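Here's the structure we're looking at; comments come further down.
Since the structure is predicted, the reported quantities are computational estimates derived from the model, not experimental observations. A, B, ... follow the sequence lines: proteins, then strands. Residue 1 opens every chain. These numbers come from the heavy atoms of this one structure, side chains and all, not from hydrogens, waters or symmetry mates.
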2 protein chains.
Amino acid sequence: MKSSLARSEWPVAVTTARACDGCGLVQRCFLARPLPDDNGECRDIVRRRYPIARGERLYRRNTPFTSLFQVCNGSLKTQRETPEGDLVVTGFFLPGDVVGIDALADRQYQSDAYANIDTEVCQLDFERLLSHCTRKPGLNAWIISIIGSYVRRKDCDLSWSCSLQTHQRVLRFFLDLHDRLTQSSQAPSSRLALPMKKQDIASYLHMTPETLSRNLAQLRRQGLLQLHENRFTLPDTTRARAITGL
Amino acid sequence: MKSSLARSEWPVAVTTARACDGCGLVQRCFLARPLPDDNGECRDIVRRRYPIARGERLYRRNTPFTSLFQVCNGSLKTQRETPEGDLVVTGFFLPGDVVGIDALADRQYQSDAYANIDTEVCQLDFERLLSHCTRKPGLNAWIISIIGSYVRRKDCDLSWSCSLQTHQRVLRFFLDLHDRLTQSSQAPSSRLALPMKKQDIASYLHMTPETLSRNLAQLRRQGLLQLHENRFTLPDTTRARAITGL
DNA sequence: CCGATTGATTGACCGACATCAACTCACCAG
DNA sequence: CTGGTGAGTTGATGTCGGTCAATCAATCGG
């Protein structure tokens, strides 16, 4: 597995130019363009960019944390185990998102990260990132804002994940997914591909696959969601936002 | 209200020595003792230390973020509003905890912070903190770890808040509270004071006060929890940990 | 001392969601 | 083609926890 390469195998001197060659995210990625206060010496933060096949694991729980990963294209999920032993999906990561932030506290990954579909990630060396931060306020602000966004997302998730009804949670999930997918690709908002399995959505939303299925059927009947063959559209986003309280 | 003082009213030149005078947290607080790479110039991070009476508000949602606050003694809660308009408690903060981290993303507080009981907080100027970070790796590491701990807590909360049964959630809450209270005060672990209302606990655990009450009664019958007049003990922590999966 | 207010407890009832089961469909190997 | 596997759907049934209501306890100001 690519993610388990030993340190010595990493191409240490990869330049940003080479690593970012052909990356679909190059328009939005902070590393592909010079930072406000960067004059080129931040490039070594990028270890490498590499693909993860669908179903493959990026990192494993309780292994030492060395790197953050930014999703270039595709999608990842993180999951952890409950006391009872079953798995719960704790997050989905789309192009532009940074994964591994839950490991900052004790320098160990707190979850397992898997590719939902064929995916490419950009590996960022955290120590180098930190060391540059002490000299570059812009970079420091960037990393703080990345972590801050992650915190905000978790906080929001926590406040609806239990207080809303199941059909509201489902609708809200698709609204959120819609927003994130369209802002990252600027593609027309119609017929977006659903980049994860329904089982995982159900797990993430704290419900069973059965209830998710029933709710999807209901939302389809109400004309709030179209979903065929892993492609979806939201015909009436304003009504949807009203229902979910957005 | 103390927290709404204008900037100009802040005693800008407070030294750490004066601000920390008589602070119950002085043993554990990072600011009371010199940092690994501090030679005294980080003192101006501490704006001031001041009390918040029980029920008073420390900051309000959607107001500009300028400061983090570290709890010296007492306890705080943060809460936010659901789409339906009712309030949900999103976190409890005990001595040593830092509150305001959810505001990092867009520089606005994302919740309302209130004192559960009479409380003292230490106000840390975030801009100054950041500016020192660029020169002091130790301070940068500290702030990253503070944020990291917050992230880990949120992640954990999210994974049990819905997947566990109510009695497990209640027991887990008391175990967690026990651990946090004893580690912050090094006091003997018996007869700890419960520093928040049961309503707020119920809200935080995503259940009604009635359900919380029933579960408390049940846990008392099972000999897993003693709770009288806002003081509690956990007679059998090992069994409790087994039940909650810790 | 007294009502007023807020918090906590207990009981009866009910509904949303989980559970269990059967079934369809797509995909793949042989 | 056939059999196997895993994802997804649909239906019948049960239950955990929410809702509503009454009661009790604690605090506070007069």
Side-chain angles (χ1 to χ4, degrees), chain A residues 53-55 77 79 82 84-89 114 116-118 160-174 193-221 225-232 243, chain B residues 53-56 77 79 82 84-89 114-118 160-174 193-221 225-232 243:
Chain A
R54 162 187 168 178
K77 69 176 173 184
Q79 61 183 22
T82 67
E84 284 74 23
D86 33 33
L87 298 169
V88 183
V89 173
Y114 287 92
N116 297 314
I117 54 180
D118 289 348
W160 35 289
S161 62
C162 294
S163 58
L164 295 187
Q165 303 231 44
T166 48
H167 68 274
Q168 293 174 304
R169 297 212 292 276
V170 173
L171 195 50
R172 190 144 177 170
F173 175 82
F174 277 92
L194 189 67
M196 68 279 286
K197 288 191 296 187
K198 294 199 181 133
Q199 291 183 8
D200 289 329
I201 299 175
S203 171
Y204 178 69
L205 295 176
H206 298 288
M207 63 187 71
T208 58
E210 293 94 322
T211 25
L212 175 61
S213 179
R214 278 183 251 268
N215 280 298
L216 289 177
Q218 183 194 333
L219 292 172
R220 233 176 277 147
R221 280 195 300 274
L225 173 70
Q226 289 175 8
L227 174 58
H228 297 305
E229 294 154 2
N230 261 11
R231 299 202 156 264
F232 73 97
I243 289 173
Chain B
R54 161 188 170 176
E56 291 277 301
K77 69 175 173 184
Q79 61 183 22
T82 67
E84 283 74 24
D86 33 33
L87 298 169
V88 183
V89 173
Y114 287 91
N116 297 313
I117 55 180
D118 290 346
W160 36 286
S161 61
C162 294
S163 58
L164 296 186
Q165 303 231 45
T166 48
H167 69 275
Q168 292 174 303
R169 296 212 293 275
V170 173
L171 195 50
R172 190 142 177 171
F173 175 82
F174 277 92
L194 189 68
M196 68 279 286
K197 289 190 296 187
K198 295 202 178 123
Q199 292 182 5
D200 289 331
I201 299 175
S203 171
Y204 177 69
L205 295 176
H206 299 287
M207 63 186 73
T208 59
E210 294 95 322
T211 331
L212 175 61
S213 180
R214 278 182 251 270
N215 280 298
L216 289 176
Q218 181 193 335
L219 292 172
R220 234 176 277 148
R221 281 195 300 274
L225 173 70
Q226 289 175 9
L227 175 57
H228 298 304
E229 293 154 2
N230 261 12
R231 299 201 156 263
F232 74 98
I243 290 174

Taking only nitrogen or oxygen atoms into account, show me every contact under 3.5 Å that the protein makes with nucleotides 26-30 of chain D, one pair per line with its distance.
none

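Between A/K197 and D/dA7 there is a side-chain polar atom (N or O) within less than 4.0 angstrom of OP1 or OP2. Taking 4.0 angstrom as the limit, B/Q165 places none of its side-chain polar atoms (N or O) nearer than this to OP1 or OP2 of D/dC16.
For the side-chain contact (heavy atoms from CB on, under 4.5 Å) test, residues two or more places apart in sequence or in another chain that qualify with A/T82 are A/E84, A/D86, A/V88, B/S163. In this structure A/R220 satisfies the side-chain contact (heavy atoms from CB on, under 4.5 Å) test together with A/L216, A/L227, sequence neighbours excluded. Under the side chain to side chain donor-acceptor pair (under 3.5 Å) criterion, B/Q226 pairs with B/T233, not counting sequence neighbours. Residues satisfying the side-chain contact (heavy atoms from CB on, under 4.5 Å) criterion with B/R169, sequence neighbours excluded, are B/L164, B/T166, B/L205, B/H206, B/M207. In this structure, the side chain to side chain donor-acceptor pair (under 3.5 Å) partners of B/T211, at least two apart in sequence or on a different chain, are B/T208. Not counting sequence neighbours, the partners of A/N230 by the side-chain contact (heavy atoms from CB on, under 4.5 Å) test are A/L194.
Comparing the helix axis at one end of the helix from C/dG3-D/dC28 to C/dG30-D/dC1 with that at the other, each defined from 5 consecutive pairs, gives an inter-axis angle of 40° (nearest 10°).
Heavy-atom distances under 4.0 Å link DNA chain C to B/E210, B/S213, B/R214 of residues 206-215 of chain B, given in residue order.
Contact check for B/K197 versus B/N116: no side-chain heavy atoms found under the 4.5 Å cut-off.
Salt-bridge check for A/K77 with A/D200: passed, with a basic side-chain N closer than 4.0 Å to an acidic carboxylate O.
Remark: B/S213 OG to B/Q199 CD distance equals 11.5 Å, nearest 0.5 Å.
Scanning DNA chain C 5' to 3' for nucleotides with an atom closer than 4.0 angstrom to a non-hydrogen atom of chain A gives a first and last hit of C/dA16 to C/dA21.
Here the C1' atom of nucleotide D/dG8 and the NE2 atom of A/H228 are 15 Å apart, to the nearest Å.
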